[in-house]
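Just so we're clear, the structure is a prediction, and the values are computed from it rather than from any experiment. Every chain is numbered from 1, with letters handed out A, B, ... down the list of sequences.
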Number of protein chains: 2
Amino acid sequence: MGHSHSHDHSICIETAIAEAERLCAERGSRFTDLRRRILKMIWQGHKAVKAYDLLDQLATEGGSAKPPTVYRALDFLMEEGLVHKIESLNAYIGCPHPGDNHVSQFLICDKCETVKELSSDELTTAVMNAAKQANFAIRRQTLELHGVCANCQRNREAA
Amino acid sequence: MGHSHSHDHSICIETAIAEAERLCAERGSRFTDLRRRILKMIWQGHKAVKAYDLLDQLATEGGSAKPPTVYRALDFLMEEGLVHKIESLNAYIGCPHPGDNHVSQFLICDKCETVKELSSDELTTAVMNAAKQANFAIRRQTLELHGVCANCQRNREAA
DNA sequence: CTGGTAACGTTATGCAATAGCGTATAAACT
DNA sequence: AGTTTATACGCTATTGCATAACGTTACCAG
Ligand SMILES: [Zn+2]
Ligand SMILES: [Zn+2]
Ligand SMILES: [Zn+2]
Ligand SMILES: [Zn+2]
């Protein structure tokens with residue numbers, strides 16, 4: 001089950017929840033129990049999570065959630081900048097630095113499925129320049145790089 | 001119905017079909033009637049086209065196509081590099097320069113829905129540098145910039 | 001004309017997302 | 001406290017996107 005890049009992941013989860021708590025309080029948004037549970041599920045690892053997997057997990061936990069329940073929670077979490085959608089996977093990933101106003105750029109390993117969020121200034125600048133050159137006013141961007149992460153390159157045999 | 005950036009679009013279509021013809025012949029791939037018809041439909045404009053719209057059009061043209069028929073044709077066209085999928089729209093767009101080995105970067109106008117394929121060297125370089133810095137081996141990229149195109153910015157009142 | 005392969009048709013199903021409506025509940029005001 | 005209002009949540013149903021699995025046809029090589 002190992003994370004190759006081993007770390008105490010419970011800290012990731014706790015930090016994410018605490019940050020969410022803080023931001024929502026600050027903004028007067030309601031971080032309800034359902035929303036907290038779903039954010040926690042998304043943070044179970046560093047892989048993107050699918051909506052129907054969340055549904056299944058909710059079902060396991062006793063309740064009887066239906067699709068709109070999950071999608072509404074995801075919409076809320078996205079509006080608050082707590083999670084991002086990975087368009088090329090139809091899946092959702094927790095944002096490691098919510099609050100910062102930032103664009104999302106992702107490295108997605110096709111072997112171990114780990115998703116890493118980038119913040120490359122050079123990349124951001126290049127995007128803005130490309131848009132400027134075409135007189136194009138950017139409102140949002142989808143930037144998803146698929147390939148093989150450093151770990152999976154080392155451990156060739158894995159997966 | 002106007003293209004704002006008016007041009008003789010029949011030339012776009014003819015060029016695309018001719019190029020497809022040429023490339024497939026060169027490669028020994030079979031550019032069948034169905035595939036040609038679907039490529040033509042996708043090239044009806046510079047907007048991305050949805051799979052089920054293609055289905056509907058095929059139905060109109062008499063036949064009784066089912067989803068797999070369309071998706072297989074799309075898969076073929078994508079493998080040959082003749083069309084690209086826009087992940088953030090679940091839709092498909094013709095490639096204006098198939099044959100060139102290239103990555104795909106798109107400007108997508110949320111007003112008029114026009115999709116423009118970019119080839120920014122600076123952007124390509126920035127992507128590669130970002131990946132290199134993380135020791136990440138890129139295999140494919142999804143780079144879709146949404147916003148408002150130059151035309152739609154001029155014609156504020158439109159749409 | 002026979003056997004192989006690729007394309008296409010057909011049926012069915014699975015996963016992704018939303019529509020529309022009703023109910024519960026929490027904040028905000030009187 | 002009682003009323004109002006907005007928000008969250010539950011539920012049923014439907015739509016949209018995509019593929020599985022299998023059968024049939026077209027075509028080419030031997
Ligand atoms: Zn972690
Ligand atoms: Zn990996
Ligand atoms: Zn054109
Ligand atoms: Zn436009």
How many Å lie between CG on A:Leu77 and C1' on D:dC9, as a whole number?
-> 15 Å

Check: residues 67-77 of chain B side-chain donor-acceptor pairs under 3.5 Å, at least two apart:
{"from": "B:Thr69", "atom 1": "OG1", "to": "B:Lys66", "atom 2": "O", "distance (Å)": "3.4"}

Do B:Arg22 and B:Glu26 come within less than 4.5 Å of each other through their side chains, counting heavy atoms only?
-> yes

Going 5' to 3' through nucleotides 7-13 of chain C and flagging B where a protein heavy-atom sits under 4.0 Å of the base, S where only the sugar-phosphate is that close, and - otherwise, we get SBBBB--

Does a side chain donor of either B:Glu87 or B:Thr142 reach within less than 3.5 Å of an acceptor in the other side chain?
-> no

Compare side-chain N and O positions of B:Asn90 against OP1 and OP2 of C:dA16 and report whether any pair is under 4.0 Å apart.
-> no

Roughly how many Å is it from CZ in A:Phe31 to P in C:dA26, rounded to a whole number?
-> 17 Å

Classify the side-chain pair A:Ser119/A:His102 by whether it contains a donor and acceptor separated by less than 3.5 Å.
-> no

Are A:Lys50 and C:dA16 close enough that a side-chain N or O sits under 4.0 Å from OP1 or OP2?
-> yes

Distance in angstrom units between B:Leu74 CG and D:dC17 P, rounded = 12 Å

Does the side chain of B:Tyr92 get closer than 4.0 angstrom to OP1 or OP2 of D:dA18 through an N or O atom?
-> yes

Atom CG of A:Leu58 and atom P of D:dA8: how far apart are they, to the nearest Å?
-> 17 Å

How far apart are the C-alpha atoms of B:Glu61 and B:Arg37, what are their side-chain angles, what is the distance that settles it, and do they pass the salt bridge (Lys or Arg N to Asp or Glu O under 4.0 Å) test?
-> CA-CA 10 Å; B:Glu61 291 182 9; B:Arg37 278 196 293 158; 3.0 Å; yes

Residue pair A:Gln141 / A:Gln105, side-chain heavy-atom distance below 4.5 Å = yes

Considering only heavy atoms from C-beta outward, does the side chain of B:Lys85 approach that of B:Asn90 to under 4.5 Å?
-> yes

Considering just the side-chain nitrogens and oxygens of B:Tyr71, establish if one lies under 4.0 Å of OP1 or OP2 belonging to D:dA18.
-> yes

Once you round it to whole Å, what is the distance between P of D:dA18 and CG of A:Leu89?
-> 13 Å

Rounded to the nearest angstrom, tell me the gap between atom CE in A:Met78 and atom P in C:dA16.
-> 14 Å

What is the distance from CG of B:Leu55 to P of D:dT19, rounded to the nearest Å?
-> 13 Å

Mind calculating the distance between OH (B:Tyr52) and P (C:dC15) to the nearest angstrom?
-> 15 Å

